[in-house]
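A quick write-up on the structure given underneath.
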Amino acid sequence: MIEWLGIPHAKNSRYLLLDRDGVLNVNRPDYVKSFAEILFYQDALEALKLLKRIDTGVILVSNQSGINRGLIHWDDFWEMHEGVIRQVEAYGGSILAAFYCPHRPDERCDCRKPSPVMIRAACRFAGIDAEQTFFIGDHESDMKAAENAGCPSIRICRSDAPQTNICNSGAPYFETLLDAVLSICGESI
Ligand SMILES: [Zn+2]
């Protein structure tokens, strides 16, 4: 598990855990491999700006098996990570921390979602209970990871997502991250 931990100035009022590819930015069947391939959803940037305004700490929890598949170079991975943080900040949002699994499924690591290990690490870092923290993702493995960690979950089902990503699990789902965030935080806005 790769951890990037920001330095919190103070405890946030609440926290939200987010998957990255397919939630913040457009996913690709051949993996998002460099910052040049990060194409943000406009609603996601709006959602992150709103989350900062209502004092919600955002933590990314993302499988990045492209690294150990040899498709994503380490330099590109960190440039991509830093680019995402910078672009979110430039738009008025903020990302507090990020947890990534670099492993391939056949490596049978303990961190790759649907394992709850990265979600638990994120909750420990922020000092929060999984039971009271939403995880928002777009894949079945995200929903399973949330379930395994004891988190409530929301699924993003974008109309431009691949057909293999069919939303038939029991989790509530929304078309955009902004819609999902409004549904959770509506009373705070
Ligand atoms: Zn792993």
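Just so you know, ligand 1 is whichever comes first in the structure, and atom 1 is the first atom listed for that ligand.
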Thinking salt bridges, do Asp138 and Arg20 make one under a 4.0 Å N-O criterion?
no
Without hydrogens or angle criteria, can the side chains of Asp76 and Ser34 be said to hold a donor-acceptor pair below 3.5 Å?
no
Under 4.5 Å between any side-chain heavy atoms of Ile184 and Leu16, yes or no?
yes
How is the hydrophobic cluster of Val26 composed, in terms of its other members, when Ile, Leu, Val, Met, Phe, Trp and Tyr link through side-chain heavy atoms under 4.5 Å apart, directly or indirectly?
Leu39, Tyr41
Salt bridge (Lys or Arg N to Asp or Glu O under 4.0 Å) filter on Arg28, not counting sequence neighbours, yields Asp30, Glu37
Hey, can you pull the donor-acceptor pairs under 3.5 Å for the side chains in residues 93-114, sequence neighbours left out?
unit_1, atom_1, unit_2, atom_2, d
Tyr100, OH, His81, ND1, 2.7
Arg104, NE, Asp106, OD1, 2.9
Arg104, NH1, Asn68, O, 2.9
Arg104, NH2, Asp106, OD2, 3.2
Glu107, OE1, Asn68, ND2, 3.0
Glu107, OE1, Arg104, N, 2.6
Glu107, OE2, Asn68, ND2, 3.1
Lys113, NZ, Asp19, OD1, 3.1
Lys113, NZ, Val61, O, 2.8
Lys113, NZ, Asp142, OD1, 2.7

Taking 2.8 Å as the strict upper bound, the Zn ion (ligand 1) has protein N, O or S neighbours numbering 4
